[in-house]
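In each ligand, atom 1 is the first atom listed, and ligand 1 is the first ligand listed.
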Amino acid sequence: MPPDSAAAAPLSARPLRRITVLSGGVGGARFLQGLLHGLANGSVPGGTPETEVTVIANTADDWWIHGLKVCPDLDTVMYTLGDGIDHDRGWGRRDETWSAKTELEAYGVEPTWFGLGDRDIATHLVRTQMLEAGYPLSAVTEALCRRWQPGVRLLPMSDDRVETHIAVADPESPSGRRVVHFQEYWVRMHAAVPAEAVLVVGQEEATPAPGVLEAIAEADLVLLPPSNPVVSVGTILGVPGVRDAVRATAAPVVGLSPIVGGDHVRGMAAQVLASIGVEVSASAVGAHFGARSAGGVLDGWLVDERDADQVAPLERAGLRARAVPLMMTDLDATAAMAAAAVALAGSVTA
Ligand code: GDP
Ligand code: CA
């Protein structure tokens with residue numbers, strides 16, 4: 001074999017040593033579960049159980065409540081991959097009880113609409129104490145993961161405080177609108193009123209957490225899972241330096257659409273896409289991220305079979321696109337999505 005034959009082989013035939021995934025909460029965590037399943041059973045081309053997966057998680061949903069620092073997306077990934085998640089809710093701890101919440105309500109302490117379960121509170125107590133002792137969020141996350149052993153290296157996008165706020169119409173306010181924390185929009189308001197704007201407070205001053213830029217630069221493959229394109233992946237890419245690192249990495253960058261058949265599968269992607277003027281379709285989200293060859297962050301974009309008619313326009317926009325089943329109904333279906341993403345990456349580099 002000539003010495004350079006490995007370099008010329010398509011990615012799918014090469015061993016995948018390192019995969020880096022830019023993840024939100026529930027959508028990202030479910031995808032990661034399928035990816036790890038596929039790496040473990042050999043169904044992801046080039047992947048092995050030794051393939052290292054680094055997750056760069058969104059922290060712009062984080063907030064302080066009842067004196068506790070809560071990081072919903074980090075915890076959803078950690079609990080899901082560490083087998084502590086409540087499967088029905090998709091977030092929080094399994095076998096949860098709610099005594100602390102009930103007691104706080106009895107004291108009349110606001111807000112009462114955000115549920116912190118008793119088991120979950122232990123995580124936030126550990127995190128808050130470590131933060132107050134001076135540890136950065138990345139070190140705290142590493143410490144929490146020592147218990148959960150998620151099977152990935154889990155990094156917050158930044159150690160700095162970054163918070164998504166949503167502007168909504170409010171006829172009683174002199175400006176005609178009011179700005180609420182992302183959690184209030186999602187948990188209290190159920191994203192039932194239109195989002196007029198998405199404001200990511202602190203983003204411009206933030207720096208990537210230790211290891212984030214290296215994980216992107218040194219990866220063999222960068223994946224954008226089916227996470228919210230605005231308030232999960234969008235906020236990660238918005239940390240100064242991250243978008244440039246994704247644009248510059250030698251690894252192929254492939255994403256999976258969270259929009260299927262013209263709507264999100266769950267959550268509120270439709271509301272926030274509308275607020276930034278992006279049509280709620282798989283192809284519009286692919287075009288919003290854009291082809292790296294045209295100033296964007298993607299080489300390839302997977303859409304669901306139902307959106308197969310959008311493959312041709314995506315390819316005209318410079319992206320490798322393919323239509324495959326994109327519903328994460330079980331581990332095997334999700335592993336097949338990960339395998340399709342790796343195969344698409346192989347076609348980019350072939
Ligand atoms: P969050 O932080 O908990 O909102 O989770 P993410 O940002 O990681 O993911 C939310 C996105 O996942 C939503 O936009 C959903 O449309 C998407 N999603 C959830 N389940 C599925 C699925 O089975 N297939 C696809 N393609 N997308 C999904
Ligand atoms: Ca989230």
Go through ligand 1 atom by atom and flag the ones less than 4.0 Å from a non-hydrogen atom of [X].
X: G28; value: 8 (O)
X: A269; value: 14 (O)
X: D73; value: 2 (O)
X: S232; value: 2 (O), 6 (P), 7 (O)

What pair of heavy atoms forms the shortest contact from A282 to D307, and how long is it?
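Smallest heavy-atom distance, with atoms named: CB-OD2, 3.8 Å.
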
Which atoms form the tightest heavy-atom contact between W148 and G84, and what is the distance?
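Closest pair (atom of W148, atom of G84, distance): CZ3-CA, 3.6 Å.
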
Counting non-hydrogen protein atoms only, what is the nearest one to [atom]? Give residue, atom name and distance.
atom: atom 24 (N) of ligand 1; result: L326 O, 2.7 Å
atom: atom 8 (O) of ligand 1; result: S227 OG, 2.6 Å
atom: atom 11 (C) of ligand 1; result: P226 O, 3.4 Å
atom: atom 2 (O) of ligand 1; result: G25 N, 2.8 Å
atom: atom 23 (O) of ligand 1; result: M328 N, 2.8 Å
atom: atom 10 (C) of ligand 1; result: N228 N, 3.7 Å

Is L32 close to V55 at the side-chain level, that is, under 4.5 Å between some pair of heavy atoms?
yes

Is the closest side-chain donor-acceptor distance between [X] and [Y] under 3.5 Å?
X: S99; Y: T97; result: no
X: R320; Y: S347; result: yes
X: Y79; Y: T123; result: yes

Taking non-hydrogen atoms only, is [X] closer than 4.0 angstrom to ligand 1 via side chain, backbone, both or neither?
X: L256; result: neither
X: S257; result: backbone
X: P258; result: both
X: V26; result: both

Separation between CG of N228 and CD of Q271, rounded to the nearest 0.5 Å:
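Spacing of CG (N228) from CD (Q271) equals 9.5 Å.
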
Please report the interatomic distance CG(L224) to OG1(T20), rounded to the nearest 0.5 Å.
11.5 Å

Does the side chain to side chain contact (heavy atoms under 4.5 Å, CB included) test come out yes or no for R292 and L298, once each step is laid out?
CA-CA 5 Å; R292 283 207 289 180; L298 287 175; 5.6 Å; no

Of all N/O/S atoms in D61, the name of the one nearest the Ca ion (ligand 2)
OD2

Report yes if some N/O of [X] lies less than 3.5 Å from some N/O of ligand 1; otherwise report no.
X: V260; result: no
X: M327; result: no
X: G27; result: yes

Tell me, with the steps shown, if V311 and V303 meet side chain to side chain contact (heavy atoms under 4.5 Å, CB included).
CA-CA 8 Å; V311 167; V303 303; 4.0 Å; yes

Any protein heavy-atom neighbour for atom 16 (O) of ligand 1 (distance below 4.0 angstrom)?
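Within 4.0 Å of atom 16 (O) of ligand 1, protein heavy atoms are found.
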
Ranking H264, R266, M268 by closest non-hydrogen atom to atom 19 (C) of ligand 1, top hit is R266

Please check if atom CD in E142 has more than 12 non-hydrogen atoms from other residues, nucleotides or ligands closer than 6.0 Å.
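12 or below, so no.
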
Run the ring-centre check on F114 versus W63 and record whether the distance is less than 6.0 Å.
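Yes; W63 has its ring centre under 6.0 Å from that of F114.
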
Could you pull out every donor-acceptor pair under 3.5 Å between side chains of residues 191-219 and any protein atom, sequence neighbours left out?
unit_1: Q203; atom_1: NE2; unit_2: T235; atom_2: O; d: 2.7
unit_1: T207; atom_1: OG1; unit_2: D160; atom_2: OD2; d: 3.2
unit_1: E214; atom_1: OE1; unit_2: G211; atom_2: N; d: 3.4

Tell me whether T76 reaches ligand 1 (any heavy atom closer than 4.0 angstrom to a ligand atom).
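T76: no contact with ligand 1 (<4.0 Å).
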
